[in-house]
Asker: 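Handing you a structure now.
Chain A is the first sequence line, chain B the second, and so forth, proteins listed ahead of strands; every chain is numbered from 1. On a predicted model such as this, the values are computed, not experimentally measured, just so you know. All values below were derived from every heavy atom in this structure, side-chain atoms included, with hydrogens, water molecules and symmetry-related copies excluded.
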Amino acid sequence: MRLPTQYSQRTPLRFNITPLIDVVFLLIIFFLVASHFVRSEQAEPVALPLATGGEIDNEQAPHRLTITIGEDGSLFIGGESQTEAEVKLRIEELRPAADAAGVKPEVRLRGHKDGQYGAMRKLVEHCAAQNIRSIRFAVARPGEQ
Amino acid sequence: MRIPNHSRQRGSLENESMTPMIDVVFLLLVFFVCASVGQKPDRLLPADLATGATATTVNIPEEAPDEFPSQEVRIRLTRDAVSLELRIELNEGALTGARELKQRLERLSSLDPDTKIIMDVADEVSVQQFIAVYDLCQALEFNSISFAVR
């Protein structure tokens, strides 16, 4: 014989969605914050040169090296200051890593608009010597900065 | 008189506890969405280096007799040591400024977009000046833009 309990007498069992919504929103916030930091990790703040052309590329390529060149010629990779020899070593490591993955390596140069072209030229020449053919110059549209 | 039963009390309590939580979560969501929108990704000017650009030996292909070879135009950018002004030379001929360079390149582009542009930029020239000329060449849709190496 089934004995009615006090609980079943009150209301039928209901699914509580409050913790579910809580967890889902927390996950959304976590991924938003994580993507924000991933994007800002590559972007050492620098005044980019102005150009009317240029396209926005949000694609996350795994074998892409973003090098920031400061006004005084200082070099940064991933927000960390690097010597010229260290940067050249990273460029040299890019080609075999991209070949192993079967993708085209790419180097993005973010040069300060008042910096000297010489620092950029050395890196472009080193990329060409390492058979890295895809170079991108980061620019800003007038009025965007 | 209407007497509230036990289950109705419980239901109203549940609603009251959920509303501020959803409010706060939505506020946090809006905040982070706005914060992430504030950071714009860079615009990129492509520069695909041709294969063999650094080779020391160059094989010149035989041209068909009825074809005119595409001419080469060398843009030299230097910076005056005293006045620090940009000096522009087009095929060794000095230009008055960026406006004249633009006019000359526009004419060249309309006549022959296959003209090979060679950019010979001195190290002391600023990145902005180099990008401005490179951007101009790309905007005029020249098929071949090269960088001189030292």
Asker: Are B:L140 and A:F137 connected into the same hydrophobic cluster when the rule is that any two of I, L, V, M, F, W, Y join if their side-chain heavy atoms are below 4.5 Å apart?
Answerer: yes
Asker: Does any non-hydrogen side-chain atom of A:R121 lie less than 4.5 Å from one of B:V121?
Answerer: no
Asker: Spell out, yes or no, whether B:I75 and B:I118 are grouped together once hydrophobic residues are joined by side-chain heavy atoms under 4.5 Å, including indirect joins.
Answerer: no
Asker: Compare all side-chain heavy atoms of B:V127 with those of A:H112 and state whether any distance is below 4.5 angstrom.
Answerer: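 Contact flag for B:V127/A:H112 side chains = no.
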Asker: Indicate the atoms forming the closest heavy-atom contact of B:D135 with A:G53, along with that distance.
Answerer: OD1-N, 3.1 Å
Asker: Check for me, please, whether A:V46 and A:F76 land in the same ILVMFWY cluster - side-chain distances under 4.5 Å, paths through other members count.
Answerer: no
Asker: Parallel, tilted or perpendicular for B:F130 and A:Y117, by the 30°/60° rule?
Answerer: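 The arrangement is tilted - the two ring planes meet at 30° to 60°.
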Asker: Would you mind checking which part of B:E124 comes under 4.5 Å of any heavy atom in chain A, side chain (CB onward), backbone (N, CA, C, O), both or neither?
Answerer: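 Contact with chain A involves both backbone and side-chain atoms of B:E124.
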Asker: With rounding to the nearest 0.5 angstrom, report the CZ to CG distance, B:R43 to A:L50.
Answerer: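 It is 12.0 Å, given to the nearest 0.5 Å.
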Asker: Please classify the contact between A:I132 and chain B as side chain, backbone, both or neither, with a heavy-atom cut-off of under 4.5 Å.
Answerer: backbone
Asker: Around atom CZ of B:R87, are there more than 12 heavy atoms of other residues, nucleotides or ligands at under 6.0 Å?
Answerer: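 At most 12 heavy atoms, drawn from other residues, nucleotides or ligands, come within 6.0 Å of this atom.
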Asker: Does B:K102 NZ have over 12 foreign heavy atoms under 6.0 Å away?
Answerer: no
Asker: Should A:R108 and B:L44 be marked as a side chain to side chain contact (heavy atoms under 4.5 Å, CB included) after you check the CA-CA gap, both sets of side-chain angles, and the distance that decides it?
Answerer: CA-CA 8 Å; A:R108 289 186 176 182; B:L44 300 160; 3.2 Å; yes
Asker: Hey, can you pull the donor-acceptor pairs under 3.5 Å for the side chains in residues 94-101 of chain B, sequence neighbours left out?
Answerer:
unit_1: B:T96; atom_1: OG1; unit_2: B:E100; atom_2: OE1; d: 2.8
unit_1: B:E100; atom_1: OE1; unit_2: B:T96; atom_2: N; d: 2.8
unit_1: B:E100; atom_1: OE2; unit_2: B:R104; atom_2: NH1; d: 3.2

Asker: Considering only heavy atoms and a distance below 4.5 Å, find which of A:C127, A:S134, A:G115 pairs most often with chain B.
Answerer: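 Top option by heavy-atom pairs under 4.5 Å: A:G115.
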